[in-house]
There are 2 protein chains.
Amino acid sequence: MPMILSKANENMTRKQRELFDREQLILDTAQQILNQQGTQGLTMDRVAAEIEYSKGTVYNHFSSKEEIISGISCRCMDNLTELFGRARDYNGSHRERIAAVGIAQSLYAQLHPVEMQNMQLIKSADVRDKISEEKQLELLQIEQKITGIVLEIVRDAMNNGDIPQDQPFIPDSIVLGLWSMGYGSNLLHMSGIPFKKLGMQQPLEMAWVNSHKLLDSYQWRPLSTTFDIYALREKLCKDLFPEEMKQLNSPK
Amino acid sequence: MPMILSKANENMTRKQRELFDREQLILDTAQQILNQQGTQGLTMDRVAAEIEYSKGTVYNHFSSKEEIISGISCRCMDNLTELFGRARDYNGSHRERIAAVGIAQSLYAQLHPVEMQNMQLIKSADVRDKISEEKQLELLQIEQKITGIVLEIVRDAMNNGDIPQDQPFIPDSIVLGLWSMGYGSNLLHMSGIPFKKLGMQQPLEMAWVNSHKLLDSYQWRPLSTTFDIYALREKLCKDLFPEEMKQLNSPK
DNA sequence: ATAGAATATGACGAAGCGTCAAAAATTGTC
DNA sequence: GACAATTTTTGACGCTTCGTCATATTCTAT
């Protein structure tokens with residue numbers, strides 16, 4: 001069996017580089033199919049045909065369809081991590097940074113809805129059981145990395161005195177609160193429930209309001225009662241995610 | 001083709017009653033398989049074998065596997081609705097009632113994890129596309145019913161003066177906030193992420209805390225700073241969900 | 001009792017997954 | 001450069017499941 005490398009490396013032989021490149025090609029192709037035709041449109045035969053190799057070769061790289069999907073998810077989560085990283089490194093108050101994380105998530109969900117679905121899909125027990133131990137560990141590590149970024153911002157804010165420390169479970173509860181809210185909003189956003197028709201606001205829009213409500217409740221200063229959250233959003237979008245905003249607003 | 005009724009009715013003929021009963025039998029059987037063997041374990045052939053009819057007969061009732069799953073989800077959502085109804089009808093403050101809704105959701109998630117997964121599964125685009133218009137409408141209507149219960153509690157609270165009305169988007173934003181948080185927590189709870197190992201709290205536990213934080217932020221009186229949320233939880237569990245608590249604590 | 005309608009059946013074709021023995025390509029050695 | 005050993009590729013194959021449909025069976029009403 002061939003040696004497959006999931007991470008690029010300096011001293012790879014030509015052969016290894018070839019294999020690595022093909023692995024990326026498979027993921028690229030699969031992702032494209034996924035975006036165009038959804039999960040059912042993604043079949044191993046189709047991927048094989050598309051990359052002009054045989055099915056067996058595809059199986060040399062990924063032992064199942066689920067492995068491919070989780071491979072795609074890993075890359076997507078890396079991309080999301082990069083956006084989160086920008087938020088963490090933002091030169092502003094901690095409250096602004098944590099807000100930027102929320103924007104990052106929302107932007108990503110809007111720009112890459114299919115990928116977002118996949119990230120959730122691989123969390124379901126059925127799919128997870130079909131993924132190898134290694135891939136599961138890889139996913140977990142990325143997940144930890146993302147959580148770590150958020151946790152770091154919260155801890156820094158606490159050390160900086162922006163959040164009073166008189167409450168239990170902080171910073172866990174803040175992280176989980178924001179995480180749940182963000183996740184849930186995304187899920188509702190993609191659920192196809194016609195909120196507009198039902199005379200309700202959009203979940204993603206409300207997530208922005210409610211996240212700030214939550215942070216206010218933890219007394220994370222400056223409180224949103226002292227500034228305009230929509231002005232902040234515009235500022236952060238412009239400062240941190242100009243490219244993403246352009247993509248979002250351009251006619252696809 | 002046979003006439004299939006999804007709703008029970010007073011003046012059904014014997015034949016219609018038979019068909020209706022069989023439809024329930026199929027759903028019961030499928031649900032059992034689902035609980036024991038997961039989504040992949042559920043096949044049309046297996047259902048047919050189990051109910052001792054042929055596959056064609058199963059297809060006379062449900063035109064695809066997804067239709068069965070959404071049928072199960074409808075029944076589960078009805079059950080959840082019943083729990084929510086208890087919360088709404090609770091003889092206590094509005095804040096206590098909305099809190100009871102949160103408990104209802106959390107209890108249901110713990111008692112019926114597989115069903116909860118399914119309710120989320122049918123929201124994914126892939127599955128939704130395979131469900132008939134009628135079933136989608138039925139799902140939407142139940143969803144609206146559930147939302148309506150929560151909305152009703154919030155509106156009553158506002159009319160009662162428990163929530164100040166100086167903020168925009170209320171009550172939408174409260175409903176969506178709680179909904180997102182509840183959904184997200186469930187998703188994380190079932191995601192298999194080892195929060196305990198990572199030194200973090202359990203999502204469902206944190207959802208309880210964070211929901212109250214959110215309500216506090218909307219200044220929904222009485223504020224959680226004036227009472228013990230854990231004592232409240234115990235009281236509500238005892239008053240409203242004694243049977244469910246017993247099930248939860250009994251060794252399955 | 002019997003015709004006609006309603007319902008049940010399971011063999012069948014299609015599609016997709018994952019495997020594996022054989023074929024092809026690559027590498028190393030003299 | 002020839003040749004053996006190893007690695008890689010291939011696609012036909014077996015298996016499972018879905019959903020269909022012509023045929024068989026059962027029911028109903030006269």
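Since the model is a prediction, treat every value here as computed from it, not as a measurement. Naming convention: chains lettered A, B, ... in sequence-line order (proteins, then strands); numbering from 1 in each chain.
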What is the distance, rounded to the nearest whole Å, between atom [atom1] of [X] and atom [atom2] of [N]?
X       : N      : atom1 : atom2 : result
B/Phe62 : D/dT17 : CZ    : P     : 20 Å
B/Ile69 : D/dT17 : CD1   : C1'   : 14 Å
B/Ile51 : C/dG10 : CD1   : P     : 12 Å
A/Glu52 : D/dT8  : CD    : C1'   : 18 Å
B/Asp45 : C/dG13 : CG    : P     : 16 Å
B/Glu23 : C/dT7  : CD    : C1'   : 15 Å
B/Asn60 : D/dG19 : CG    : P     : 14 Å
A/Leu42 : C/dC17 : CG    : P     : 8 Å

[X] side chain, from C-beta outward: closest of [options]:
X       : options                : answer
B/Leu19 : D/dT17, C/dG16, C/dT7  : C/dT7
A/Tyr59 : D/dC18, C/dT19, D/dT17 : C/dT19
B/Lys55 : C/dG18, D/dT20, C/dC17 : D/dT20
A/Lys65 : C/dT7, D/dT20, C/dG18  : C/dG18

Measuring to OP1 and OP2 of [N], would you say a side-chain N or O of [X] lies under 4.0 angstrom away?
X       : N      : result
B/Tyr53 : C/dA8  : no
B/Ser54 : C/dG10 : no
A/Arg22 : D/dT8  : no
B/Arg46 : D/dC18 : no
A/Thr57 : D/dT10 : yes

Test: B/Arg46 and B/Glu50 ion pair at under 4.0 Å: no

So, A/Glu152 and A/Arg88, do they make that salt bridge, N to O below 4.0 Å? yes

Mind checking ring pair (Phe, Tyr, Trp, His ring centres under 6.0 Å) for A/Phe241 and listing every partner two or more places apart, or none if nothing turns up? none

Do [X] and [Y] touch side chain to side chain, with heavy atoms closer than 4.5 Å?
X        : Y        : result
B/Leu80  : B/Phe84  : yes
A/Tyr53  : A/Arg22  : yes
B/Leu111 : B/Glu244 : yes

Separation between CZ of A/Phe62 and CD1 of A/Ile69, rounded to the nearest 0.5 Å: 11.5 Å

Dot-bracket for DNA chain D, 5' to 3', with Watson-Crick and G-U pairs under 3.5 Å, [ ] for crossing pairs and | for other-strand pairs: what is it? ||||||||||||||||||||||||||||||

